[in-house]
Amino acid sequence: MPPAHTSPVTDLVRACHRFTTHMRLLADQLGRVHVDDGDVTLLDEATQNARIALWHVIARSNGALQRPTEGNECSFFTVVTDAEWQRLMESGELPREHAYECGMPADHPGPHVTFIYEAMGTFQGWWLRWRGRERELVIHPYCGETQRGLDPDGLDDTNCLLFQGHPCPHRF
């Protein structure tokens with residue numbers, strides 16, 4: 001008898017269950033194997049890649065990637081998906097980070113926002129805005145607010161790290 005038709009979401013949930021089972025089996029195997037110092041580097045790289053792959057899944061499922069923070073920083077972070085990165089690479093090859101932190105303060109209004117990189121030849125940046133599963137890559141001008149330093153020539157001035165019109169205090 002042919003298998004019953006399942007929904008794409010059901011198939012994805014099953015794939016997550018299989019992934020979880022494989023990760024637990026891997027953990028059990030790692031516990032039984034002697035690991036030399038040289039092997040630690042290989043294992044660190046492999047587990048980092050697995051963690052980043054999991055972050056991609058979480059970012060696309062609910063956007064709720066969080067980390068511990070100190071002070072008044074937003075605890076959310078995200079990854080740039082392969083499809084989003086392809087769009088960004090139309091303007092040239094740039095280094096890709098594993099994760100991008102929300103640049104807003106804790107309890108900020110509106111969506112989370114992270115700076116990706118400067119749009120070449122402009123005073124604007126590529127930003128990723130997200131709220132839950134909703135994600136949008138946008139080019140937005142920088143804030144432009146400057147905090148004056150002690151140097152009369154402005155050599156130690158600091159620019160706000162956010163985008164123009166941000167809904168929170170400046171971040172220098």
(request) Kindly determine whether Gln147 and Thr158 satisfy side chain to side chain donor-acceptor pair (under 3.5 Å), including the steps that lead there. (result) CA-CA 5 Å; Gln147 183 177 32; Thr158 308; 4.8 Å; no

Please tell me if the side chains of [X] and [Y] come closer than 4.5 Å, counting only heavy atoms from C-beta onward.
X	Y	answer
Leu128	Val113	no
Trp127	Leu137	no
Val79	Glu84	no

Shared hydrophobic cluster, [X] / [Y] (ILVMFWY, side-chain heavy atoms < 4.5 Å):
X	Y	result
Leu54	Leu25	no
Ile58	Ile52	yes
Val57	Val13	no

(request) Examine the side chains of Gln29 and Arg32 and answer whether a donor and an acceptor come within less than 3.5 Å of each other. (result) no

(message) Which heavy atom of Thr114 sits nearest to which heavy atom of Glu101, and what is that distance?
(response) OG1-O, 2.8 Å

(request) Kindly assign one of parallel, tilted or perpendicular to the pair Phe77 and Trp55, based on the angle between their ring planes and the thresholds 30° and 60°. (result) perpendicular

(message) Would you call the rings of His140 and Phe163 parallel, tilted or perpendicular, taking 30° and 60° as the class edges?
(response) tilted

(message) With ring pair (Phe, Tyr, Trp, His ring centres under 6.0 Å) as the criterion, how do Trp130 and Phe76 come out once you've worked through the C-alpha distance, each side chain's angles and the decisive distance to 0.1 Å?
(response) CA-CA 10 Å; Trp130 79 98; Phe76 284 83; 7.5 Å; no

(request) Inspect the contact between Glu73 and Arg67 and indicate whether a charged nitrogen and a carboxylate oxygen are less than 4.0 angstrom apart. (result) yes

(request) Flag the pair Asp82 and Arg87 as a salt bridge only when some basic side-chain nitrogen lies within less than 4.0 angstrom of an acidic carboxylate oxygen. (result) no

